[in-house]
Every structure is written in C-alpha cells, then in structure tokens.
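Just below is one structure, and these are the notes that go with it.
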Amino acid sequence: MAMMTYVEAIRQGLWEEMERDESVFIMGEDVGIYGGAFKVTKGLLERFGERRVIDTPLSESVIVGAGTGAAIHGLRPVVEMQFSDFMACGFDQITNFAAKCRYRWGGSVPLVVRAPAGGGIHGGPFHSQNPEMPYVHTPGLKVVQPATAYDAKGLIKASIRDNDPVIFLEHKYLYRSIKEDVPADDYTVPLSKAVVRREGTDISVITYGWMVHVALQAAERLEEEISVEVMDLRTLVPYDREAVLKTAKKTSKVILLHEDTLTGGMGGELAGLISEHAFEYLDGPLIRIAAPDTPVPFSPPLEEAFLPNVDKVVEKARWLHKY
Amino acid sequence: MAMMTYVEAIRQGLWEEMERDESVFIMGEDVGIYGGAFKVTKGLLERFGERRVIDTPLSESVIVGAGTGAAIHGLRPVVEMQFSDFMACGFDQITNFAAKCRYRWGGSVPLVVRAPAGGGIHGGPFHSQNPEMPYVHTPGLKVVQPATAYDAKGLIKASIRDNDPVIFLEHKYLYRSIKEDVPADDYTVPLSKAVVRREGTDISVITYGWMVHVALQAAERLEEEISVEVMDLRTLVPYDREAVLKTAKKTSKVILLHEDTLTGGMGGELAGLISEHAFEYLDGPLIRIAAPDTPVPFSPPLEEAFLPNVDKVVEKARWLHKY
Amino acid sequence: MSSPALAPTELEITAELCQKLLHYMVMMRELEDRIELKLYRQGKIVGGCYTGRGQEAIPVGSAILTGPDDYIAPSHRDMGAFLIRGITPREILAQYLGRIGGPTGGRDGNMHMGCARRHVLPIISSIGASIPVATGIALAMKYRGERSVVFNYWGDGATSRGDWHEGLNFAAVQKLPIVFFCNNNLYAYSTPIEKQMLVENVADRAPSYGIPAEIVDGNDVLAIYEASARGAAHARSGDGPYLIECKTFRMSGHSAHDPADYVPDYLRQEWSRKDPILRLQKHMVERDWATEADFKKVRGEILAEIDEAVEWALAQPYPDPATVTDNVYESS
Amino acid sequence: MSSPALAPTELEITAELCQKLLHYMVMMRELEDRIELKLYRQGKIVGGCYTGRGQEAIPVGSAILTGPDDYIAPSHRDMGAFLIRGITPREILAQYLGRIGGPTGGRDGNMHMGCARRHVLPIISSIGASIPVATGIALAMKYRGERSVVFNYWGDGATSRGDWHEGLNFAAVQKLPIVFFCNNNLYAYSTPIEKQMLVENVADRAPSYGIPAEIVDGNDVLAIYEASARGAAHARSGDGPYLIECKTFRMSGHSAHDPADYVPDYLRQEWSRKDPILRLQKHMVERDWATEADFKKVRGEILAEIDEAVEWALAQPYPDPATVTDNVYESS
Ligand SMILES: Cc1ncc(C[n+]2csc(CCOP(=O)(O)OP(=O)(O)O)c2C)c(N)n1
Ligand SMILES: Cc1ncc(C[n+]2csc(CCOP(=O)(O)OP(=O)(O)O)c2C)c(N)n1
Ligand SMILES: [Mg+2]
Ligand SMILES: [Mg+2]
C-alpha cells in the first residue's frame, strides 16, 4: 500500500504489465524521454528501452492503426493519444477497422488506446473535450474511465489483458488532484462492472469520471436531507446494465450526471435503458445533468458555467426529492 | 410537379441552388464526369463546368477541410463523401474545426457535407453504417436526413442556405425506391422542424430516414387495432424538442425507432428528453427499437435480422398498447 | 502454403515457376470472370463486386515469394494473392455468395475478406487504411525478432490518403520489414491519375520517406517476381521498407456495375494488347516450356475446379440469423 | 493593414523596411517574454502558453508582404504575423488573460485565435489541420478570381500528419495560390527531427507534389522576406503552391511548463548565437541605418506600449457566464 495519485497509479499499472508480459509495449507522441505530456509514461523508457517505448512522429492515425496491426500480430500495444481530442485524427482506424475485426473475421485486437480527457484545467475547446460517445456508440469497442487511483491501476491492467480494443480515458483533472492508498499488488478491476461509491435510498446519481467526486460531494452536502446513492459506471461500454437498473429500482429517482455535453450523451443512453426497463419503479422524471451543447469554453467564468458542479447537482437533487 | 425519385429530388435541389447562387459549388470523389457513386451529381459537370464541379483526389480530410476553408472565404461548398462510412476519415476536420468556428470566433461555415448512409443494400460493414450520432453529439453541427423526395429537395436547399455546417445524410435505400410528386418550384423545408407523417392517438413512433416508411407501414398494418402517430424528425440536431414532447404528451406511449445501432443512439437521446420533460404524461415504458450493437453484417439473413422492420415495430406496438 | 521464402540468390526463372505463376493467374482470371460475368449477372452475387482483370501479374508475381510466416495485406484487386496464401475458390465463392464457409462466414462480403491463420490481412474498405495496419504487423515482426516480411498492396488512389503518408513515413522511420506494392492502374474509380497527383510516378514519392523504390511493368509477372525478391531481401535484411510501383491498367469497370465510359477507347485498346497472361504464355512457348495445348489443359482443369467450387458454395448454408449478435466481443 | 502587396520586382531592402521588420520582431519577442516570463509566472495567464522565441524572423519576414486581401493561416509560433495583420498587443493580452476584448472573447485561449475580418485563420489546435483549410481558402480565392494569396505556416511536426499530405497534394493538383512556410525548428515537442522523418529537409518532400521549394535560413529575416516575395509571386501568377522551409530553432520549451531537458546543450548554445533580432540589428548598424541607441529607443517604446496594453487587458472584464451558450449556431 502506498499513497498514490491517479497518474502514479496508471503508471504503476503499465509498469507491472510490462514486467509481466513481454508483448506489452507503449507507443505514442513524446512518450519516451519526455514521459508523455502528462508524464504518465515517465521512467518507462529508462526501464524498458526504446524497443518497448516508442516515440512516434506526430501521426495519430498511424499510432492507432499500427497499434491495431501489432495487436493482430500477437502484441499488446498500449498507445497514447496526447490529448483525447486528437483521437479524432485516428477515428477511421479505430471505428472502421479495430472495432470490427472480431465481428468480421474473428480477429482479436488486444489494443489499448490511452487518452487524457476532460476539462477543469482551462484547456479550451481543443484540450478539454470528453470524447467518449462516438466510441460508446461503436460496437466492438470498450470504453473505460476510472474515477479513483485504485481503479486507475486496476482498470488499466484489466484493459491491457482484455482481448478487445479498449479506449481508456484518463481524466486530466484527476491526474494529480486525488491521492489514495493503492495496493502494490497485482490486482485488476473487472471491465463492465459498475460500483456503488456511496449507498443511499432516496435518489441515485449515476455517473463516471471526475463527476463521481462531484456527486459524492453533493451527496455529502445533502446528507442531512436526502440519502443519495452514487454509482460509478467505470466502463461506459459494454456497461453494467444490471447495476444501473438495480440502483434505479432501489431509489426510484435517478439523476444521470456527466461532464460531457447533453445531446447524444451517456445520460440519454441510460435514460433509454431505465425508462424502458425500470419504468414501473420510477417516482419522478429522469434528470440529466450535463454540460450544455457548446464547445468547451476557455475563460474561467465560462468554463465554470459550462461544467456541471456540486451546486447544480444539489439543486436538482432537492427538486427531484420533493417531486 | 413531376414524379421524382429521392435521388432526382436531391439533384434538382443542388441544380437550382447552383443556378441561383454562384457561390455554391460541388466537390468530392468522382462527382464530375461520373456523377458520383450514386449519380446524385450527374449532369452538373456538363451544366456548370469544372470550376463548380470539382473531382478531388481520394482525400476525405481535405475534402471536408478545404470545403470548410472555402466556406470561411465566402463560398457555399457542397462536398460529397462517397459513402458516409468514410466521413470517419475527415472526422477531425468536421468535429474539431468546422463545428467550432462560430463559437470560437464567430466564423460562419456554410458548408454542406452530403453522405449516402444506411443499409438495406447488402453493403456490409463498410457501406451500410448510419453515422449520425457522433455528429449529433458535436455542438455546432446540424444533422439532417430526409425521408421523402419532397423533403430531400427542400432540405438540401435549406441546408445550402444555412450558415452553419450541415451533415446531410441521404439514405441509400431510398435513393431509387421511392417516387413522389415533387414541385418544380423553389421551395425549402425548414431545418429543425419535425413533421407528423400520420396522425394517431394511441402510440407515437418517433423516427427518421428509411424507418419513417417502416413506421408508416406498421401503422397501416395496425390500423384496425391501434392508432399510431408517426413523427419524422428530419433534422437530428438541433432537433425539434417541442414536437417530440408534443406527440409524447398526446399519445402517452412512445416508440423510439431507428436503423442505427441501439447503445448511444438517437433513441436514448429522445428517451432522455421525454422521460425528463413528459414524465407525468407517460402511460408506459419508452420503447427503443434499433439495430443491435454489432457492425452491419453483409449476408442477407444476417442483415435482415439486424435491421429493424415492420414486424418488429408491430410486435412492440402491440405490447405497448396492451401495457 | 506451398512456397517457402526464397533468398534472392536462389532466384531462377524456371519452367516450373512459370507454370505455377500461370496457374494462379489463370485461376484468378477465371474465378473473377465467373463471379463478375456470370454469377453477378445471374443475380447470385450479394452486393457489389470488384475484379483485378488485367492486373493478375501483380498479386501473383509477388505473393508467390511469401513464406508461411510472412504476411500479406492485399487490395481489392489482388485475388491471386488470396489463392496463393491458400484461400480456396470454394471459400472465395462462399464469401461472394454470403454463405457460411467463406472467410468471414457471411459477416462481410466480396473482397472484404482475409484470414489471420493464413496471414492475410482482411481488406479494410477505407482506402489507404491498410497501410498503417500493415506497418503495425511489420512492427510486431521486428519486435518479435522474426525474419518475416509484410507485402502490402494498394492502388494509385490510396496514395492521396493521409493514412498512406503516415504509414509510409512511420515504416521508414522505424525501418520496418515491409514491401509496398502500388498497382498504378491510372484510375481511382473514375478519377484519372492526373487529377490525383502532379508527379508522373507514385515511385517519385518514395524519396520523401527515404524508401528505395522501383518501377516495373505491372503486366510482366516475371519482372514483378524479380522486383519482389529484391524488395523482400531488402526488407528482411533490416534495411526497412521498399516500394514497387507496378504500371498496369484496370481491364474492367471500377466494379461490376460501372461501364467505365470515362475511359478513353485508345487506353483500353492499348492495354488489351498487354494482357499479362498471354505475355507469360508467350514467354513459356518461346522457351519450349509449354504449348497451347498445355494452356488449354490448365484452363480446363481450372474451369472444372471452379465449376465444382461454385456448386459447393451454392450448397453452403446462409449464416443463422440467430448468430447476428455473436462475436462482437470475445465474451459475446 | 499598412503594407500593400509588393510585386517582387519592387523588392528592395531599405532602412525603412528593416525598421519595420525590427519593430515587429522586437514587439513579438517582448510581448511573448512578458506573457511567458512574467504574467505566466505570476499566475495571471489562463491555461498553457507557447512562444516563438528565436523564430521571430519567419512570421515577420513573410507576413509583412501580405496585403489586405491576402490571408494568413499561422501556427502557434507566429505571433509576429498576428501583429502585422493588425491584431494589437491589447487584444492578444486580453486573449491570454481570458477576457472580453481578445479575438475570441474568452471562448478560446492563448495562440488559438485569429480574426476573419483581418484575414487571419484562427489557429486549429489539431496540428496539420490548417493545411486543408488554408487550401480551401486559396481555392475560394481562385474560384472568385482574386489575385490574392494564402500564407500557411506550420512546423516540422505537422509534416507527419495525413492532413499535411492531403492538403499539399490537393493544393498542387488544383494549382492554388498558397505559399507554405515550414518552421523547421528540429523538434516536435520533445521529438527530434530524426525520429520524425528520414529525409534531411522538409523541402525534400515538395517534389512529391510537384511543388517548387526552397530552403532558407530561418533566422535571417531578410532572406525570408526575399523568399516570401518569390513564393507569393509564384502563387499569384497562377502557377500553384510554393514551399519555403525555414531552418530555425525553438529557443524555449514546447510551452511554458516544459524545461526542454531533452534538448542537448550544444544545440541551444549554437542557436543562441544566431538570434534573428541581433542579426537584423547588425545588418542595420553595418549599413549605418541605425545605432544601438535607436534600438534602445525602439525597445523602450515597445515596452511602454506593452505596459499600457497589459494594464488595459487586466482591466477588461471576463465574459459573462450567461453568454456561455450563445453563438453555437447562427440563430443561437
Ligand atoms: C476512404 C475511402 N474513400 C472512398 C472509398 C470508395 N472507393 C472505393 S475504391 C475507390 C477507388 C480506389 O482507387 P485506387 O486506390 O486507385 O484502387 P483501384 O480501385 O484503382 O485498384 C474509391 C474511391 C473508399 N473505399 N475509401
Ligand atoms: C493532431 C495533434 N496531435 C498532437 C498535438 C499536441 N501537440 C501540440 S504542438 C505539438 C508539436 C508540434 O511540433 P511542430 O509541428 O514541429 O511545431 P513546433 O511546436 O515545433 O513549432 C504536439 C505534439 C496536437 N496539437 N495536435
Ligand atoms: Mg487505381
Ligand atoms: Mg517543430
């Protein structure tokens, strides 16, 4: 056990997997001597050498495409996108090829695409986006986003061992803002399993990523008035339908919270599931809390207005509780 | 008035806009002498010449990127993707640049990206996809899909005149399978306005594209037992929230139907809206009917199993009606 | 796989080699003719269909050099390479007919097939996308210390894609064991080469990446064979990628529904005189390696094999609709 | 915009021109120093910050030649080009501080700005993405029969992107009026040029597209001025694109938080002796066009302007949070 930040936990997970399995390697822009823009891969070059930690040219499509090719031929590549926003440059490779290999011809693609996502760091429209939905909507891909340091290590390890392509979204704001006890052992956190972060009986908040912390703070603030259950999805696809329905049926009032923008976001997907399969249990409208449908603005007052926060969750929870 | 197929109606719309406005031009792969893979632009080269009908190299990113540049500098480009599946190759240009210009710096991008979408033609995983959701989820873009020849002409004309970037999805299966009276006049169909294709009182089916026809056939088949209202969204974003809520409140039982795959699809978005804003009105679960979460399979029995169809709608409608 | 990897020094153009090349070229021609000119017109083929008519020398003259550990990443004009890698006419026909028994079991259609076991990268429909992927396979070979090589095929049109550029550059920088084959057939669909690029040859672009390149007559299977051996030797020796531009022509429409009216007559006529099969046969006759009668016999045997394969494929079942959601993930 | 487009025949390196160039180079240097070395360290700058320290000659020597109808599509190292196009230090500082009054009104930050009215394409953060877009602007110029030209700037790193390839090729095939400026500063972030490409010069890739190219000393503003005039004349005359590779070095980290430990000391030392501002000043002193006292005075005036601009910008309001959803669409 050691106190560890989210970024250190991911690094430890990568390190252990590389020690364990010779077929795991790292590839991306500035991942070698520089250790990556967010220093996630720091030290790996020194330990594992240039064969296993490859600095590429500025070529996102080849990073994911060659990663897929290497995965097809027996390796387990972990490729890094410097910012998740630029995954867009490799979109065809990921969605049209990597995602479809197993379905088309039984091809196993044990590829992990790591990408720093999310806002809260005044990164502006190109360095703050939450890119999950196009990938959530691509059958054949898995999409994961850890909310804690413990999960960050366990999920990166599970993603590397998984035989399907995984988009692994790391939240930039969490990299260094949270610190936890993380076991030094070789553990994994299973994909496609949600977790209840806080038990409650009045209202469920279903969320993921940074917003798990926002939900927990809101739950704490409401402690005296409303018993809030907080569910962390952890894997966005294939997501844990049973767990979602279970908490919805338990509390009968559900808030769907995400940092990503509203229209076409994960909240709608969950609303679709719940309103079809837990309809009888609902005692109030499904409430979506999300960023508004705009690019991510840069200036602090705009970004603050854009991002969901504790106040917004508290306000909606109170409204829903009274309903 | 003339009887016209969907493909002819789009062509007439393009033709009229090019006659009307010198700044409108066509660009894409094989759009010139060949008239496009689906012959949508047939005859335009002969009429308007190489300056206004430009055959490009096989470069999707430059097609949309240069289209955006030309739009910024005063033109109204209508660019063609040979198949909507390959829009993925220009994903960064569309989502990270074109979509954000107005928000970032007030830049007007009157660009139309035309793309044949959808299945039903045994096109397999790469020539049958419904690509709308990533674009629906990108603030700043508009996404349009006509279901009739009348709308095809009116919506392409409205899209060309719109000052924001529009993804104009043409359904391949509809190109030549429907024929209607289409006025020869200069009319437009407004963006962001849904339309009720058939009035009903028991159940609403909200859908778009090819599935409008499937819904109408199902409604007809059910005529004696259930009064089905069919709503055609026409524009997927920004979509007509008022109309959606109106039909949901009217019938209190709603089926959300699309050809696209389920998870993260438009059905979830609509469920999110309805379950939040028409909760009190609902007399039954929101039912999503969509393709399963797989790539689009090629072989006829698989594709048939994959696509939503009249039987599936009828079955779910009966179930919901009894609820 | 019958042909082990050859070192370039062992290269000799023998009668036996020519017979083998001829076999695969005729098989490709006849099988594609059967598919496009017969089964497609009879409405039996599901979906579209592309052929490599007139371009048979390219996949055949090259893939014949690959050994079991090598990998090929073909284009939609390279059926000969599939045949050489051991994918049978039966399987190919089942694929075209959307049946179980084809390499994708009906999940995908026509040339969009491949086979991991036989080291054929399934075709990626997005033109140009195979280049980064093939490069990644070559990276894995180098990583694993194999001495194998990837043969990656694409057309002139692919060279306009960003993926082409990113892939070639990465392969070069990483010195990966890959040979790139360009079938420059002067058109991408209806778009002639002069609307695609200002340089005369695709090979003129190789220096941008520090990749050695050569241009060969794409209708001369023996020239392709020799160039491929040079390319493979280069790649295997650790010197990095190699590019071979094969000048050829598409003796068909882009696909079965395209009459290719945009192709000027003189071009079609010029190239019809350069048929790669007739050319190889002439070479063999001149050396007394075969007679017209032998060719007839070869063709007859092939036609019989195709007849049998068609019958077999038509008797294969369609996939069970209940399986439509299988195999999206490992656990599904 | 003060500088009308010059025909290359009118080119003469005058004292007056040098004063103007010097003004913009010093303004760029001092403004970026103020932003990075002072305001950023004081925690006043919102978000990250990139500078073009040591590369001032490139935007200044080129953009000075553009007329009001021309367009520039700069990179994140080209603040001098913004200044020349009339974007003021006040506006730039407001942008860096996230205030109203900057070109994006706080919607975007740092160098991610531009101005349609002044024909500056706002920077696209996706490296390489500006090339297709700039090409489209050039297409519109040709389409509309203008005689104007686009100057598009990018770094060595951008040349690895697919968009770079697609954009250059399309510009060439369409013979568009565009001049491409590569600032080859030997690094893309921490990645040295030899890990990016095997060719020695970016200009070596221009023949792939049939684009004429030249290599200039990127720290010699007068050489850049002359090359830009040649490039612009070529592009304006309808002969299509032109590429100018400027050899230079990034005398800073990739951005303010990067100490650039990966850069060997000898490189930094070598290039610190090639400062483009000192070089222009030497040229002017040698010709008796100016004295050290003049330079001091220029710098003093600029510092005063910056002082005033900082004060102004710090007094600007932040955007109203109620406007966060405005202007996503024309009608919103
Ligand atoms: C990215 C992408 N864009 C468009 C298409 C549609 N398309 C299929 S083949 C083709 C032409 C390919 O030309 P070339 O690469 O020269 O190969 P050829 O067919 O001539 O062998 C086009 C445009 C595609 N498959 N992928
Ligand atoms: C597509 C994309 N990938 C990655 C990045 C992150 N990034 C920003 S600048 C940069 C390096 C750019 O190098 P170069 O083009 O040489 O320009 P320089 O900064 O050296 O002037 C990187 C990797 C990005 N902005 N866009
Ligand atoms: Mg071709
Ligand atoms: Mg650089």
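The sequence lines fix the lettering, A, B, ..., with proteins before strands; numbering per chain opens at 1. All values below were derived from every heavy atom in this structure, side-chain atoms included, with hydrogens, water molecules and symmetry-related copies excluded.
Using a 4.5 Å cut-off between heavy atoms, Val324(D) touches chain A through backbone and side chain atoms alike. Only the backbone of Asp320(D) comes within contact range of chain A, judged by heavy atoms closer than 4.5 Å. At a 4.5 Å heavy-atom cutoff, the contact between His112(D) and chain A is made by side-chain atoms alone. Neither the backbone nor the side chain of Val62(A) comes within less than 4.5 Å of any heavy atom of chain D. There is no contact between Ser61(A) and chain D, counting heavy-atom distances below 4.5 Å. Using a 4.5 Å cut-off between heavy atoms, Ile33(A) contacts chain D through its side chain alone, with no backbone atom that close. Interface remark: Gln82(A) contributes side-chain atoms only to the contact with chain D (heavy atom separation under 4.5 Å). With a threshold of 4.5 angstrom between heavy atoms, Gln95(D) approaches chain A through N, CA, C or O but not through any side-chain atom. With a 4.5 Å cut-off on non-hydrogen atoms, Asp293(A) touches chain D through its backbone but not through its side chain. In this structure, the portions of Ala37(A) lying under 4.5 Å from any heavy atom of chain D include both its backbone and its side chain. The contact between Ile123(D) and chain A is made entirely by backbone atoms, counting heavy-atom distances below 4.5 Å.
Checking side-chain atoms of Ser59(A) against main-chain N and O of Ser160(D) turns up a donor-acceptor pair under 3.5 Å.
The candidate from Ile124(D), Asn327(D), Asp258(D) with the greatest count of non-hydrogen atom pairs under 4.5 Å with chain A is Asp258(D). Contact tally against chain A (heavy-atom pairs below 4.5 Å) for Ala188(D), Gly98(D), Ala260(D): the top residue is Gly98(D). Ranked by non-hydrogen atom pairs under 4.5 Å with chain A, the options Val46(D), Thr191(D), Val328(D) are led by Val46(D). Between chain D and the residues Ala88(A), Gly123(A), Cys89(A), Pro292(A), the largest count of heavy-atom pairs under 4.5 Å involves Cys89(A). When each of Ala158(D), Gly157(D), Ser255(D) is scored by its heavy-atom pairs under 4.5 Å with chain A, the top score falls to Gly157(D).
The heavy-atom pair separating Pro300(A) from Tyr318(D) by the smallest distance is CD-CE2, 4.3 Å. Nearest approach of Phe298(A) to Asp108(D), heavy atoms of both residues: CD2-O, 3.4 Å. Across His127(A) and Ser125(D), no two heavy atoms sit closer than the pair CE1-OG, 2.9 Å.
Side-chain contact between Gln196(D) and Leu58(A): absent, with no pair of heavy atoms (C-beta onward) separated by less than 4.5 Å.
Within a 6.0 Å radius of CD in Glu200(D), no more than 12 heavy atoms belonging to other residues, nucleotides or ligands are found. The neighbour count for Lys312(A) NZ, taken as heavy atoms of other residues, nucleotides or ligands under 6.0 Å away, is above 12. Other residues, nucleotides and ligands contribute more than 12 heavy atoms inside 6.0 Å of the CD atom of Glu270(D). When the shell of 6.0 Å around OH of Tyr175(A) is examined, it contains more than 12 heavy atoms from other residues, nucleotides or ligands. Open room surrounds CD on Glu50(A); 12 or fewer heavy atoms of other groups in view lie less than 6.0 Å from it. Heavy atoms of other residues, nucleotides or ligands lying less than 6.0 angstrom from NZ of Lys39(A) number more than 12. Within 6.0 Å of NZ on Lys316(A) lie no more than 12 heavy atoms contributed by other residues, nucleotides or ligands.
There is a side-chain donor-acceptor pair under 3.5 Å between Ser190(D) and Asp30(A).
Rounding to the nearest 0.5 Å places CD1 of Ile127(D) at 9.5 Å from CD of Glu60(A).
In this pair, Tyr262(D) and Tyr34(A) present their aromatic rings perpendicular. The plane angle is above 60°, beyond the 30 to 60° band.
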